Peer 1: 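Quick one: the structure is below, questions incoming.
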There are 4 protein chains.
Amino acid sequence: MSDLAERRKDLVTSMMKEAIYEAAVDVLTEYGTNGVTMDRVAEQAGVAKGSLYNYFPNKLALLQFVHEKTVEPLREKAQRILHSDLPATHKLEAIIRTWFESIDEHRGVFVFLFMDLTARELLKSEEASGRAEAVEMLATIIAQGIEENVFRPGDPNRMAWLLYGTAKEMCDLQLTAGNEWPIEQLIRDVIDFFLHGVAAAGARAPRATKRH
Amino acid sequence: MSDLAERRKDLVTSMMKEAIYEAAVDVLTEYGTNGVTMDRVAEQAGVAKGSLYNYFPNKLALLQFVHEKTVEPLREKAQRILHSDLPATHKLEAIIRTWFESIDEHRGVFVFLFMDLTARELLKSEEASGRAEAVEMLATIIAQGIEENVFRPGDPNRMAWLLYGTAKEMCDLQLTAGNEWPIEQLIRDVIDFFLHGVAAAGARAPRATKRH
Amino acid sequence: MSDLAERRKDLVTSMMKEAIYEAAVDVLTEYGTNGVTMDRVAEQAGVAKGSLYNYFPNKLALLQFVHEKTVEPLREKAQRILHSDLPATHKLEAIIRTWFESIDEHRGVFVFLFMDLTARELLKSEEASGRAEAVEMLATIIAQGIEENVFRPGDPNRMAWLLYGTAKEMCDLQLTAGNEWPIEQLIRDVIDFFLHGVAAAGARAPRATKRH
Amino acid sequence: MSDLAERRKDLVTSMMKEAIYEAAVDVLTEYGTNGVTMDRVAEQAGVAKGSLYNYFPNKLALLQFVHEKTVEPLREKAQRILHSDLPATHKLEAIIRTWFESIDEHRGVFVFLFMDLTARELLKSEEASGRAEAVEMLATIIAQGIEENVFRPGDPNRMAWLLYGTAKEMCDLQLTAGNEWPIEQLIRDVIDFFLHGVAAAGARAPRATKRH
DNA sequence: GATGAATGAGGATTCATTCAT
DNA sequence: GATGAATGAATCCTCATTCAT
């Protein structure tokens with residue numbers, strides 16, 4: 001086949017995959033995870049069921065593609081932020097902003113990807129690595145912050161988990177509760193919380209005590 | 001029917017429901033969410049499949065019962081803590097400890113209840129109210145803390161969400177990652193984090209800035 | 001459950017399996033191997049497709065049941081003949097008669113079982129053991145015949161294969177061509193052939209020669 | 001179209017058919033009967049799936065072509081042997097040798113053609129005629145042998161079936177069991193068996209008796 | 001004539017729910 | 001009330017065949 005024809009074919013293929021991806025996302029959004037059947041995806045994409053299998057060998061592969069397609073831009077942005085020469089706090093803020101904004105944009109998919117265990121089961125490895133990657137990234141930035149003396153010394157990994165948790169739940173909140181909470185406010189709150197907690201000046205943490 | 005007979009019947013009924021509940025939890029734990037079939041529950045409970053339908057009109061009702069039954073003790077403990085006369089920080093710590101410990105104990109069910117969207121979809125209302133209740137409770141305690149001058153002034157509801165997020169992700173971490181992180185350490189970390197954040201003494205929060 | 005109830009249940013179950021077996025045989029006979037779909041079996045049996053799965057875990061199990069059910073009586077009769085105290089030639093004759101008669105009776109199934117590689121693939125182990133068993137049985141009888149001095153000395157196993165082949169092809173012929181050849185004649189022919197071959201008295205076998 | 005162009009076209013067409021035939025044989029050999037999909041044949045042939053349909057109206061036609069192409073050389077050789085002026089026993093030996101050797105060479109196709117009922121179903125008429133032809137050919141030779149006084153008088157057709165059966169099962173054995181039995185030995189055994197059977201000198205065939 | 005994407009009927013299997021006993 | 005067999009819609013996947021380019 002000529003080079004040109006080949007390139008054209010590749011293009012068409014990737015457009016189809018894209019279209020199927022979008023159909024899958026739509027179905028996901030409308031019916032929830034367990035509602036993602038190949039039939040519905042096909043119908044939504046306006047193609048025959050069998051055609052899906054010309055582009056994805058099976059359902060799992062389709063879901064993985066959806067995952068990848070959704071997560072990749074996030075990952076890229078985050079990497080760019082990570083490797084910039086901003087101070088740690090600005091990096092954190094930027095990353096968290098990225099997350100919130102993406103979620104705002106792709107609500108349905110994110111719900112599916114991050115909250116549905118059926119999917120998470122299938123995408124176990126993808127998910128685990130995704131989360132691990134995120135936490136690791138945060139940990140790197142936190143380590144930088146500690147070095148910059150803007151964060152207290154401590155285990156960057158543990159801190160990263162805590163921050164990740166806070167941010168993630170806020171995402172959850174965004175996803176499930178609707179967002180009456182404006183994004184900028186949200187970001188500021190999370191960062192503030194992360195930095196200073198809620199204790200009044202001079203207050204001391206209680207000793208964590210064994211239950212009675 | 002005589003009163004006595006009626007009471008006896010109620011008793012039998014509730015024992016059956018209890019038994020079915022336990023079977024459901026076992027199946028949940030062993031097979032995961034998608035593995036919860038009425039067949040398996042019936043077999044585990046040692047009753048005929050049809051009998052399940054004498055106690056629950058359908059599968060959803062059974063799952064709701066499981067949810068309720070699982071969450072109720074938590075709710076009760078939390079209420080008791082809420083209404084005790086401990087200082088706010090102790091209350092928070094106690095509640096969070098309750099959560100972590102419960103999760104440690106009932107891993108399988110909690111995964112199902114809190115992480116599986118298939119379930120969460122079905123149990124949407126239960127879930128929403130559960131979360132709302134938890135956040136509200138935290139908010140109440142935080143308000144108390146503000147009044148006690150141990151927490152900075154602020155919107156208790158927003159703070160509650162942030163804390164909830166931190167705690168919840170730690171639960172997630174417990175649930176999915178296994179718990180190499182010892183519970184006491186975890187609790188102290190969360191509370192510490194909640195109170196003081198990670199900023200070094202004297203460091204200032206960055207102004208949250210619009211993305212260029 | 002009472003012993004009685006249990007026995008009754010077993011009875012019903014085995015009657016159902018029997019009915020499904022017969023339906024499968026009918027479908028097999030009418031549509032050939034590749035025509036044996038669970039749908040058709042269910043329809044022929046007059047039950048819902050799902051019901052088949054109450055009696056057989058999957059299609060393979062059903063086919064294996066058909067195989068077993070078909071072959072077992074044959075095996076039993078053959079064993080009885082084998083262990084009787086008849087002279088070798090009579091045993092052979094009796095066994096071959098058994099085969100021909102069974103085949104005459106169960107045409108469709110035998111075609112499926114012995115001639116269809118799709119089935120033979122699935123039932124590989126059953127088949128192999130079946131054939132091996134048959135040949136072994138023949139070999140045993142032939143060894144007996146050699147001892148009785150009615151058969152020439154030689155490798156009983158090789159002789160058994162040859163006899164098996166002759167008989168089997170005659171079965172094939174019966175199965176596919178219809179049987180204008182009366183059974184008694186057939187049996188006599190096979191036995192005669194097996195004993196004396198076709199050479200005229202005094203004729204000598206040619207030396208098997210390499211192809212020029 | 002000019003005569004030349006037409007002839008050229010015919011040539012191209014038959015080369016394509018040949019190529020497809022070979023691809024089909026390869027697929028057959030590698031994947032077994034049920035693995036012969038038009039996709040695989042096309043891929044193996046290095047042409048597009050649709051192109052197959054320019055040369056064969058449908059799958060059946062392709063399989064028939066495969067059958068024909070495989071069997072034809074056999075038929076030709078057999079005809080040549082039949083019409084040679086060898087004595088009957090040598091003709092038989094030569095034909096049987098041809099069969100065994102072909103089978104040894106084209107294992108996969110033969111398994112498909114002779115043992116798989118899915119195929120045999122499709123190729124019923126081809127098969128029947130093939131077998132009929134083979135038997136007829138054997139019968140002709142046997143008639144010759146009777147005339148030559150090397151075979152006992154009898155129905156040549158019945159004898160032919162018996163011989164065919166013996167030979168065919170040996171082919172089966174070759175095909176499924178692998179061939180620890182060397183071909184020359186096999187041929188000699190079959191011919192010997194065919195000529196003299198297994199009876200010891202002086203032994204008499206039992207009277208074929210009615211079952212009790 | 002070649003291509004290969006699109007099609008859609010069909011096949012095996014699962015499972016919530018019903019209902020006769 | 002208990003039982004568990006029966007049901008059939010739903011689900012994933014396959015593959016011969018068609019047809020626009």
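Order of the sequence lines fixes the chain letters, A, B, ..., with proteins taken first and strands second; residue numbering starts at 1 for each chain. Since the structure is predicted, the reported quantities are computational estimates derived from the model, not experimental observations.
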Peer 1: Would you call D/Thr70 and D/Val66 a side-chain contact if the rule is heavy atoms closer than 4.5 Å?
Peer 2: yes

Peer 1: Rounding to a whole Å, what distance do you find between D/Lys17:NZ and E/dA2:C1'?
Peer 2: 17 Å

Peer 1: Starting at the 5' end of DNA chain E and moving along, which residue's nearest nucleotide shows up first, C/Ser51 or A/Ser51?
Peer 2: A/Ser51

Peer 1: Provide, to the nearest angstrom, the distance between the CD atom belonging to A/Glu43 and the C1' atom belonging to F/dT11.
Peer 2: 15 Å

Peer 1: Could you tell me whether B/Val47 contacts a base, only the sugar-phosphate backbone, or nothing, with contacts defined as non-hydrogen atoms closer than 4.0 Å?
Peer 2: sugar-phosphate

Peer 1: Would you compute the distance between atom OH of A/Tyr31 and atom CZ of A/Arg40 and round it to the nearest 0.5 angstrom?
Peer 2: 5.0 Å

Peer 1: Tabulate atom names and distances for all N/O pairs under 3.5 angstrom spanning the protein and nucleotides 16-18 of chain F.
Peer 2:
residue	atom	partner	partner atom	Å
F/dA16	OP1	D/Lys59	NZ	2.8
F/dA16	OP2	D/Met38	N	2.8
F/dT17	OP2	D/Tyr53	OH	3.2
F/dT17	OP2	D/Lys59	N	3.0
F/dT17	O4	D/Lys49	NZ	2.9

Peer 1: Taking atom P of F/dT3 as reference, at what distance in whole Å does atom CG of C/Asp10 sit?
Peer 2: 17 Å

Peer 1: In whole angstrom, give the distance that lies between atom CZ of B/Arg40 and atom P of E/dT14.
Peer 2: 10 Å

Peer 1: Starting at CG of D/Leu52 and ending at P of E/dA2, how long is that distance when rounded to a whole Å?
Peer 2: 10 Å

Peer 1: Taking distance alone, no hydrogens or angles, what donor-acceptor pairs closer than 3.5 Å link side-chain atoms of residues 45-58 of chain B to residues at least two apart or in another chain?
Peer 2:
residue	atom	partner	partner atom	Å
B/Lys49	NZ	B/Asp39	OD1	3.4
B/Lys49	NZ	B/Asp39	OD2	3.1
B/Asn58	OD1	B/Leu60	N	3.2
B/Asn58	OD1	B/Ala61	N	2.9

Peer 1: Please identify each residue that fulfils side-chain contact (heavy atoms from CB on, under 4.5 Å) with C/Glu30, with sequence neighbours left out.
Peer 2: none

Peer 1: Can you run through DNA chain E from 5' to 3' and write each base as (, ), [, ], | or . depending on how it pairs? Watson-Crick or G-U wobble, both distances under 3.5 Å.
Peer 2: .||||||||||||||||||||

Peer 1: Counting only side-chain nitrogens and oxygens, does D/Tyr55 get under 4.0 Å of the OP1 or OP2 atom of E/dG1?
Peer 2: no

Peer 1: Mind calculating the distance between OH (C/Tyr31) and C1' (E/dG10) to the nearest angstrom?
Peer 2: 14 Å

Peer 1: Evaluate the side-chain contact (heavy atoms from CB on, under 4.5 Å) criterion for residues D/Thr37 and D/Lys59: first the C-alpha distance (whole Å), next the side-chain angles of each, then the deciding distance (0.1 Å), finally the verdict.
Peer 2: CA-CA 9 Å; D/Thr37 68; D/Lys59 195 182 177 183; 5.7 Å; no

Peer 1: Which residue lies toward the 5' end of DNA chain F, D/Gly35 or C/Ala48, if each is placed at its nearest nucleotide?
Peer 2: C/Ala48

Peer 1: Nearest 0.5 angstrom please: D/His67 NE2 to D/Glu72 CD, how far?
Peer 2: 11.0 Å

Peer 1: I want to verify a distance call: between F/dA2, E/dT3, E/dT7, whose nearest atom is closest to the D/Asn54 side chain?
Peer 2: E/dT3

Peer 1: Please tabulate, for side-chain N and O atoms in residues 15-28 of chain A, each donor-acceptor pair with protein atoms closer than 3.5 Å (sequence neighbours left out).
Peer 2:
residue	atom	partner	partner atom	Å
A/Glu18	OE1	A/Lys69	NZ	2.9
A/Asp26	OD2	A/Gln44	NE2	3.1

